[in-house]
Amino acid sequence: MGWKNKTSISEFLLLGLFERSEHQQLFFWIFLFMYLVTVIGNLLIIVAVASNTHLHTPMYFFLGNLSFADASFISTIVPKMLVNIQKQNNSISYSDCLTQLYFFIMFGALDEFLLAIMAYDRYVAICHPLHYTIMMSPQLCFLLILISWVVNALHSLLHTLLMNELVFCAKNTIPHFFCDLNPLLKLSCSDIFINELVILIIGGVASLIPFVCIIISYVYIALAILRMTSAKGKQKAFSTCSSHLSVVILFFGTVFGVYFSPSSNHSVHSDIIASVMYTVVTPMLNPFIYTLRNRDMKVALKRLFLSSHSEDKISKNQS
(Lines give C-alpha, C1' and ligand atoms only; values in the text may rest on other atoms or scores of the structure.)
Protein backbone atom coordinates (compact mmCIF):
# COMPACT_ATOMS: atom_id res chain seq x y z
CA MET A 1 0.00 0.00 0.00
CA GLY A 2 1.75 3.16 -1.20
CA TRP A 3 0.93 6.65 0.04
CA LYS A 4 2.01 9.74 -1.91
CA ASN A 5 3.69 12.28 0.33
CA LYS A 6 2.35 15.78 -0.33
CA THR A 7 4.74 17.32 2.21
CA SER A 8 8.42 17.82 2.89
CA ILE A 9 8.19 15.31 5.72
CA SER A 10 9.71 11.95 4.80
CA GLU A 11 9.48 10.36 8.25
CA PHE A 12 8.06 10.80 11.73
CA LEU A 13 9.66 10.25 15.14
CA LEU A 14 7.67 8.17 17.64
CA LEU A 15 8.56 9.23 21.19
CA GLY A 16 5.60 7.94 23.18
CA LEU A 17 6.60 5.66 26.04
CA PHE A 18 10.24 6.50 26.53
CA GLU A 19 10.90 9.71 28.34
CA ARG A 20 14.07 8.27 29.85
CA SER A 21 16.49 6.21 27.81
CA GLU A 22 17.34 3.93 30.75
CA HIS A 23 13.76 2.62 30.75
CA GLN A 24 13.78 1.53 27.13
CA GLN A 25 15.11 -2.00 27.70
CA LEU A 26 12.62 -2.55 30.51
CA PHE A 27 9.77 -1.52 28.22
CA PHE A 28 11.21 -3.72 25.46
CA TRP A 29 11.04 -6.91 27.55
CA ILE A 30 7.63 -6.04 29.02
CA PHE A 31 6.05 -5.38 25.64
CA LEU A 32 7.82 -8.32 23.99
CA PHE A 33 6.38 -10.61 26.67
CA MET A 34 2.90 -9.11 26.31
CA TYR A 35 3.08 -9.38 22.52
CA LEU A 36 4.14 -13.05 22.56
CA VAL A 37 1.46 -13.92 25.12
CA THR A 38 -1.17 -12.16 23.01
CA VAL A 39 -0.21 -13.74 19.68
CA ILE A 40 0.33 -17.26 21.07
CA GLY A 41 -2.84 -17.11 23.17
CA ASN A 42 -5.02 -15.93 20.29
CA LEU A 43 -3.47 -18.40 17.84
CA LEU A 44 -4.17 -21.24 20.28
CA ILE A 45 -7.83 -20.20 20.39
CA ILE A 46 -8.00 -20.16 16.57
CA VAL A 47 -6.37 -23.60 16.28
CA ALA A 48 -8.55 -25.05 19.05
CA VAL A 49 -11.75 -23.74 17.43
CA ALA A 50 -10.73 -24.95 13.98
CA SER A 51 -9.61 -28.41 15.10
CA ASN A 52 -12.45 -29.28 17.50
CA THR A 53 -15.79 -30.07 15.85
CA HIS A 54 -17.62 -29.44 19.15
CA LEU A 55 -16.60 -25.79 18.86
CA HIS A 56 -17.99 -25.33 15.35
CA THR A 57 -20.80 -23.11 16.65
CA PRO A 58 -21.56 -19.40 16.02
CA MET A 59 -20.15 -18.30 19.39
CA TYR A 60 -16.76 -19.91 18.80
CA PHE A 61 -16.75 -18.91 15.13
CA PHE A 62 -17.02 -15.28 16.25
CA LEU A 63 -14.45 -15.86 19.00
CA GLY A 64 -11.99 -17.23 16.43
CA ASN A 65 -12.46 -14.11 14.31
CA LEU A 66 -12.00 -11.88 17.37
CA SER A 67 -8.77 -13.70 18.21
CA PHE A 68 -7.48 -13.17 14.67
CA ALA A 69 -8.43 -9.47 14.83
CA ASP A 70 -6.71 -9.08 18.23
CA ALA A 71 -3.50 -10.77 17.06
CA SER A 72 -3.46 -8.60 13.92
CA PHE A 73 -4.33 -5.46 15.90
CA ILE A 74 -1.39 -5.76 18.27
CA SER A 75 0.92 -6.88 15.42
CA THR A 76 0.23 -3.59 13.66
CA ILE A 77 1.82 -1.63 16.50
CA VAL A 78 4.11 -3.53 18.85
CA PRO A 79 6.68 -5.14 16.46
CA LYS A 80 7.62 -1.74 14.99
CA MET A 81 7.98 -0.32 18.50
CA LEU A 82 10.23 -3.23 19.56
CA VAL A 83 12.43 -2.85 16.46
CA ASN A 84 12.82 0.87 17.12
CA ILE A 85 13.89 0.21 20.72
CA GLN A 86 16.53 -2.30 19.66
CA LYS A 87 17.85 -0.04 16.92
CA GLN A 88 17.60 2.99 19.22
CA ASN A 89 15.87 4.73 16.35
CA ASN A 90 12.33 6.05 16.81
CA SER A 91 11.74 6.94 13.18
CA ILE A 92 8.96 5.62 10.95
CA SER A 93 8.63 6.55 7.29
CA TYR A 94 5.66 8.56 6.03
CA SER A 95 4.26 5.62 4.03
CA ASP A 96 4.81 3.15 6.88
CA CYS A 97 3.07 5.54 9.27
CA LEU A 98 -0.06 5.79 7.09
CA THR A 99 -0.04 2.04 6.47
CA GLN A 100 0.14 1.44 10.23
CA LEU A 101 -2.70 3.94 10.71
CA TYR A 102 -4.85 2.12 8.14
CA PHE A 103 -4.50 -1.33 9.71
CA PHE A 104 -4.74 0.07 13.23
CA ILE A 105 -8.12 1.69 12.49
CA MET A 106 -9.38 -1.32 10.54
CA PHE A 107 -8.59 -3.99 13.13
CA GLY A 108 -9.59 -1.73 16.03
CA ALA A 109 -12.99 -1.02 14.47
CA LEU A 110 -13.33 -4.69 13.52
CA ASP A 111 -12.95 -5.54 17.21
CA GLU A 112 -15.91 -3.28 18.00
CA PHE A 113 -18.12 -4.94 15.38
CA LEU A 114 -17.16 -8.43 16.52
CA LEU A 115 -17.92 -7.60 20.15
CA ALA A 116 -21.34 -6.34 19.03
CA ILE A 117 -21.99 -9.52 17.01
CA MET A 118 -20.98 -11.65 19.99
CA ALA A 119 -23.38 -9.68 22.21
CA TYR A 120 -26.20 -10.35 19.74
CA ASP A 121 -25.23 -14.03 19.71
CA ARG A 122 -25.52 -14.16 23.52
CA TYR A 123 -28.88 -12.36 23.32
CA VAL A 124 -30.26 -14.99 20.93
CA ALA A 125 -28.82 -17.85 23.01
CA ILE A 126 -30.36 -16.59 26.27
CA CYS A 127 -33.58 -14.93 25.08
CA HIS A 128 -34.47 -17.29 22.19
CA PRO A 129 -32.73 -20.60 22.97
CA LEU A 130 -35.25 -22.75 21.05
CA HIS A 131 -34.75 -20.71 17.87
CA TYR A 132 -31.00 -20.26 18.24
CA THR A 133 -30.03 -22.63 15.42
CA ILE A 134 -32.42 -20.97 12.98
CA MET A 135 -31.69 -17.37 13.97
CA MET A 136 -27.90 -17.87 14.01
CA SER A 137 -27.62 -19.84 10.76
CA PRO A 138 -24.18 -20.36 9.16
CA GLN A 139 -25.20 -18.07 6.29
CA LEU A 140 -26.07 -15.22 8.68
CA CYS A 141 -22.85 -15.71 10.69
CA PHE A 142 -20.73 -15.57 7.53
CA LEU A 143 -22.65 -12.51 6.27
CA LEU A 144 -22.13 -10.65 9.57
CA ILE A 145 -18.39 -11.30 9.44
CA LEU A 146 -18.16 -10.31 5.77
CA ILE A 147 -20.04 -7.04 6.37
CA SER A 148 -17.77 -6.26 9.33
CA TRP A 149 -14.62 -6.72 7.24
CA VAL A 150 -15.85 -4.72 4.24
CA VAL A 151 -17.33 -1.82 6.25
CA ASN A 152 -14.25 -1.42 8.42
CA ALA A 153 -11.81 -1.70 5.51
CA LEU A 154 -13.64 1.15 3.77
CA HIS A 155 -13.99 3.14 7.00
CA SER A 156 -10.25 2.87 7.66
CA LEU A 157 -9.45 3.78 4.06
CA LEU A 158 -11.51 6.99 4.34
CA HIS A 159 -9.59 8.21 7.41
CA THR A 160 -6.23 7.30 5.87
CA LEU A 161 -6.93 8.98 2.53
CA LEU A 162 -8.02 12.16 4.32
CA MET A 163 -4.82 12.06 6.39
CA ASN A 164 -2.81 11.66 3.19
CA GLU A 165 -4.30 14.94 1.91
CA LEU A 166 -2.88 16.93 4.83
CA VAL A 167 0.35 18.90 4.68
CA PHE A 168 2.97 18.40 7.39
CA CYS A 169 5.46 21.24 7.65
CA ALA A 170 8.33 21.40 10.13
CA LYS A 171 7.32 19.29 13.11
CA ASN A 172 7.59 15.52 12.70
CA THR A 173 7.75 14.33 16.32
CA ILE A 174 4.75 12.26 17.44
CA PRO A 175 4.41 12.08 21.26
CA HIS A 176 2.99 8.58 21.01
CA PHE A 177 4.20 5.01 20.45
CA PHE A 178 2.38 4.50 17.12
CA CYS A 179 0.79 6.54 14.32
CA ASP A 180 -2.64 7.46 15.65
CA LEU A 181 -5.19 9.95 14.32
CA ASN A 182 -5.12 12.60 17.05
CA PRO A 183 -1.31 12.96 17.36
CA LEU A 184 -0.93 13.15 13.57
CA LEU A 185 -3.65 15.78 13.23
CA LYS A 186 -1.89 17.95 15.82
CA LEU A 187 1.27 17.94 13.67
CA SER A 188 -0.45 19.07 10.47
CA CYS A 189 -0.27 22.67 9.31
CA SER A 190 -3.34 22.15 7.10
CA ASP A 191 -6.95 22.80 7.99
CA ILE A 192 -8.05 19.64 9.81
CA PHE A 193 -11.73 20.56 10.14
CA ILE A 194 -12.85 17.86 7.65
CA ASN A 195 -10.71 15.21 9.35
CA GLU A 196 -12.11 16.03 12.79
CA LEU A 197 -15.65 16.13 11.38
CA VAL A 198 -15.21 12.68 9.83
CA ILE A 199 -13.80 11.31 13.10
CA LEU A 200 -16.77 12.67 15.05
CA ILE A 201 -19.49 11.73 12.57
CA ILE A 202 -18.30 8.67 10.61
CA GLY A 203 -15.98 7.36 13.31
CA GLY A 204 -18.52 8.16 16.00
CA VAL A 205 -21.32 6.35 14.17
CA ALA A 206 -19.05 3.38 13.40
CA SER A 207 -18.29 3.05 17.12
CA LEU A 208 -21.71 4.05 18.38
CA ILE A 209 -23.68 1.49 16.34
CA PRO A 210 -21.80 -1.53 17.80
CA PHE A 211 -21.93 0.03 21.28
CA VAL A 212 -25.70 0.63 21.08
CA CYS A 213 -26.21 -2.93 19.79
CA ILE A 214 -24.27 -4.24 22.78
CA ILE A 215 -26.30 -2.11 25.23
CA ILE A 216 -29.64 -3.19 23.72
CA SER A 217 -28.57 -6.85 23.71
CA TYR A 218 -27.56 -6.73 27.36
CA VAL A 219 -30.75 -4.93 28.39
CA TYR A 220 -32.78 -7.81 26.95
CA ILE A 221 -30.34 -10.35 28.43
CA ALA A 222 -30.66 -8.75 31.89
CA LEU A 223 -34.47 -8.80 31.66
CA ALA A 224 -34.42 -12.44 30.60
CA ILE A 225 -32.11 -13.37 33.49
CA LEU A 226 -34.32 -11.54 36.01
CA ARG A 227 -37.34 -13.52 34.78
CA MET A 228 -35.58 -16.83 35.42
CA THR A 229 -36.83 -18.69 38.50
CA SER A 230 -33.85 -21.01 38.85
CA ALA A 231 -30.83 -19.57 40.69
CA LYS A 232 -28.60 -22.04 38.84
CA GLY A 233 -30.03 -20.89 35.51
CA LYS A 234 -29.37 -17.26 36.39
CA GLN A 235 -25.81 -18.03 37.39
CA LYS A 236 -25.16 -20.00 34.19
CA ALA A 237 -26.63 -17.26 31.98
CA PHE A 238 -24.63 -14.56 33.74
CA SER A 239 -21.38 -16.54 33.55
CA THR A 240 -21.71 -16.87 29.77
CA CYS A 241 -21.88 -13.07 29.47
CA SER A 242 -19.55 -11.83 32.22
CA SER A 243 -16.29 -12.36 30.32
CA HIS A 244 -17.61 -10.69 27.18
CA LEU A 245 -19.04 -7.80 29.18
CA SER A 246 -15.75 -7.17 30.97
CA VAL A 247 -13.89 -6.96 27.63
CA VAL A 248 -16.55 -4.60 26.26
CA ILE A 249 -16.25 -2.23 29.25
CA LEU A 250 -12.44 -2.21 29.10
CA PHE A 251 -12.23 -1.74 25.32
CA PHE A 252 -15.01 0.79 24.75
CA GLY A 253 -14.21 2.74 27.91
CA THR A 254 -10.67 3.50 26.78
CA VAL A 255 -11.62 4.05 23.11
CA PHE A 256 -14.31 6.61 23.94
CA GLY A 257 -11.99 8.26 26.45
CA VAL A 258 -9.29 8.82 23.81
CA TYR A 259 -11.30 9.67 20.69
CA PHE A 260 -14.63 11.14 21.76
CA SER A 261 -13.87 13.24 24.82
CA PRO A 262 -13.17 17.00 24.44
CA SER A 263 -9.63 17.69 23.25
CA SER A 264 -9.13 20.09 26.19
CA ASN A 265 -9.36 17.08 28.51
CA HIS A 266 -6.60 15.24 26.66
CA SER A 267 -3.07 14.97 27.96
CA VAL A 268 -0.26 13.09 26.28
CA HIS A 269 0.24 10.72 29.22
CA SER A 270 -3.44 9.92 29.73
CA ASP A 271 -3.90 9.23 26.00
CA ILE A 272 -0.87 6.95 25.94
CA ILE A 273 -2.01 4.99 29.01
CA ALA A 274 -5.52 4.59 27.57
CA SER A 275 -4.04 3.56 24.21
CA VAL A 276 -1.84 0.92 25.87
CA MET A 277 -4.95 -0.46 27.57
CA TYR A 278 -6.93 -1.08 24.40
CA THR A 279 -4.07 -1.77 21.96
CA VAL A 280 -1.96 -4.09 24.14
CA VAL A 281 -3.62 -5.03 27.43
CA THR A 282 -7.11 -5.88 26.12
CA PRO A 283 -5.90 -8.15 23.26
CA MET A 284 -3.61 -9.89 25.77
CA LEU A 285 -6.38 -10.44 28.33
CA ASN A 286 -8.96 -11.71 25.83
CA PRO A 287 -7.52 -15.26 25.51
CA PHE A 288 -7.46 -15.62 29.31
CA ILE A 289 -10.92 -14.15 29.80
CA TYR A 290 -12.52 -16.30 27.11
CA THR A 291 -10.76 -19.57 27.98
CA LEU A 292 -10.17 -19.74 31.74
CA ARG A 293 -13.90 -19.30 32.46
CA ASN A 294 -15.07 -21.44 29.53
CA ARG A 295 -15.18 -25.19 30.11
CA ASP A 296 -15.47 -26.10 26.42
CA MET A 297 -12.42 -24.03 25.50
CA LYS A 298 -10.38 -25.53 28.35
CA VAL A 299 -11.30 -29.05 27.18
CA ALA A 300 -10.44 -28.18 23.56
CA LEU A 301 -7.06 -26.70 24.52
CA LYS A 302 -6.30 -29.71 26.71
CA ARG A 303 -7.05 -32.05 23.81
CA LEU A 304 -4.91 -29.92 21.51
CA PHE A 305 -1.90 -30.14 23.83
CA LEU A 306 -2.41 -33.85 24.47
CA SER A 307 -2.67 -34.65 20.75
CA SER A 308 0.49 -32.68 19.96
CA HIS A 309 2.28 -34.40 22.85
CA SER A 310 1.17 -37.82 21.56
CA GLU A 311 2.39 -37.02 18.04
CA ASP A 312 5.79 -35.98 19.42
CA LYS A 313 5.98 -39.23 21.38
CA ILE A 314 5.13 -41.32 18.31
CA SER A 315 7.70 -39.52 16.14
CA LYS A 316 10.38 -40.07 18.81
CA ASN A 317 9.57 -43.78 19.05
CA GLN A 318 9.72 -44.15 15.25
CA SER A 319 13.08 -42.42 15.10
Side-chain angles (χ1 to χ4, degrees), residues 1 38-39 41-76 102-158 202-203 205-218 220-221 240-241 243-245 247-248 251-252 255 282-283 286-287 289-291 294-297 299-301 303-304:
M1 187 181 295
T38 303
V39 172
N42 282 294
L43 286 179
L44 283 174
I45 289 178
I46 295 171
V47 173
V49 170
S51 61
N52 194 317
T53 55
H54 295 291
L55 301 184
H56 291 177
T57 62
M59 182 177 73
Y60 294 108
F61 173 64
F62 298 140
L63 179 58
N65 278 272
L66 181 67
S67 295
F68 177 78
D70 281 340
S72 302
F73 187 46
I74 195 172
S75 296
T76 302
Y102 173 81
F103 287 108
F104 162 72
I105 296 173
M106 185 179 73
F107 287 119
L110 183 61
D111 258 10
E112 296 176 357
F113 274 63
L114 290 172
L115 289 172
I117 293 171
M118 293 173 76
Y120 175 73
D121 175 74
R122 291 300 83 206
Y123 154 74
V124 176
I126 293 172
C127 299
H128 303 282
L130 298 178
H131 301 94
Y132 180 79
T133 305
I134 299 172
M135 293 178 69
M136 299 302 296
S137 64
Q139 294 82 1
L140 177 62
C141 294
F142 178 78
L143 182 62
L144 289 172
I145 293 298
L146 180 63
I147 290 173
S148 298
W149 274 96
V150 173
V151 167
N152 288 302
L154 295 175
H155 171 221
S156 177
L157 184 62
L158 174 62
I202 306 298
V205 169
S207 294
L208 195 61
I209 289 175
F211 186 70
V212 170
C213 290
I214 291 170
I215 295 297
I216 293 173
S217 296
Y218 272 104
Y220 280 103
I221 288 171
T240 61
C241 302
S243 56
H244 175 262
L245 191 58
V247 172
V248 166
F251 184 83
F252 278 93
V255 167
T282 301
N286 283 356
I289 293 172
Y290 283 111
T291 57
N294 188 305
R295 187 177 62 85
D296 293 334
M297 277 303 304
V299 170
L301 288 172
R303 287 178 179 175
L304 183 65

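Quick caveat, the model's predicted, so the values are computed rather than measured.
- Residues satisfying the side chain to side chain contact (heavy atoms under 4.5 Å, CB included) criterion with Val205, sequence neighbours excluded, are Ile209.
- If you take OG on Ser207 and CD on Glu112, they are separated by 3.5 Å, rounding to the nearest 0.5 Å.
- To the nearest 0.5 Å, atoms SG (Cys213) and CG (Leu208) are separated by 9.5 Å.
- With sequence neighbours excluded, no residue forms a side-chain hydrogen bond (donor to acceptor under 3.5 Å, both in side chains) with Tyr120.
- Every ring pair (Phe, Tyr, Trp, His ring centres under 6.0 Å) that Phe73 has, sequence neighbours left out, goes to Phe104.
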### Message
Determine whether Ile74 and Asn42 satisfy the following criterion, side-chain contact (heavy atoms from CB on, under 4.5 Å), listing intermediate values before the conclusion.
### Response
CA-CA 11 Å; Ile74 195 172; Asn42 282 294; over 6 Å; no
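- For His56, the side chain to side chain contact (heavy atoms under 4.5 Å, CB included) partners two or more places apart in sequence, or in a different chain, are Thr53.
- Side-chain contact between Pro287 and Thr38 is absent, with no heavy atoms from C-beta onward closer than 4.5 Å.
- Shown here are the side-chain hydrogen bond (donor to acceptor under 3.5 Å, both in side chains) partners of Asn286, two or more places apart in sequence or in another chain: Asp70.
- A donor-acceptor pair is defined here as one N or O able to donate and one able to accept, closer than 3.5 Å; such a pair exists between the side chain of Ser156 and the backbone of Tyr102.
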Output a table of donor-acceptor pairs, distance under 3.5 Å, between side-chain atoms of residues 44-51 and any protein atom two or more places apart or on a different chain; print 'none' if there are none.
{"from": "Ser51", "atom 1": "OG", "to": "Val47", "atom 2": "O", "distance (Å)": "2.7"}
{"from": "Ser51", "atom 1": "OG", "to": "Ala48", "atom 2": "O", "distance (Å)": "3.4"}

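- Sorted by first and then second residue, the side chain to side chain donor-acceptor pair (under 3.5 Å) pairs with a member in residues 140-150 form an empty list; sequence neighbours excluded.
- Interatomic distance, CG of Leu245 versus CE of Met118, reported as 12.0 Å (0.5 Å rounding).
- Among residues two or more places apart in sequence or in another chain, the side chain to side chain contact (heavy atoms under 4.5 Å, CB included) test is passed with Thr57 by Met59, Tyr60.
- Side-chain rings of Phe62 and His244 stay apart, their centers remaining 6.0 Å or farther from each other.
- Taking CD1 of Ile216 as the start and CD1 of Ile221 as the end, the distance is 12.0 Å to the nearest 0.5 Å.
- Val151 places none of its side-chain heavy atoms less than 4.5 Å from the side chain of Leu110.
- Listed by chain and residue number, Phe252, Phe256 satisfy the ring pair (Phe, Tyr, Trp, His ring centres under 6.0 Å) test with Phe211 (two or more places apart in sequence, or in another chain).
- Residues forming a side chain to side chain contact (heavy atoms under 4.5 Å, CB included) with Ala109 (at least two apart in sequence, or on another chain): Asn152, His155.
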Show me the donor-acceptor pairs within less than 3.5 Å that the side chains of residues 124-143 make with the rest of the protein, sequence neighbours left out.
{"from": "His128", "atom 1": "NE2", "to": "Tyr123", "atom 2": "OH", "distance (Å)": "3.1"}
{"from": "Tyr132", "atom 1": "OH", "to": "Asp121", "atom 2": "OD1", "distance (Å)": "2.5"}
{"from": "Ser137", "atom 1": "OG", "to": "Leu140", "atom 2": "N", "distance (Å)": "3.3"}

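- Between Val39 and Ser75 the shortest side-chain heavy-atom distance falls below 4.5 Å.
- Ile117 CD1 to Leu144 CG: the interatomic distance, rounded to the nearest 0.5 Å, is 5.0 Å.
- Shown here is Tyr218, whose OH atom has more than 12 heavy atoms of other residues, nucleotides or ligands within 6.0 Å.
- Residue Phe251 comes nearest to Gly108 through the heavy atom pair CZ-O, 3.6 Å, listed as atom of the first residue, atom of the second, then distance.
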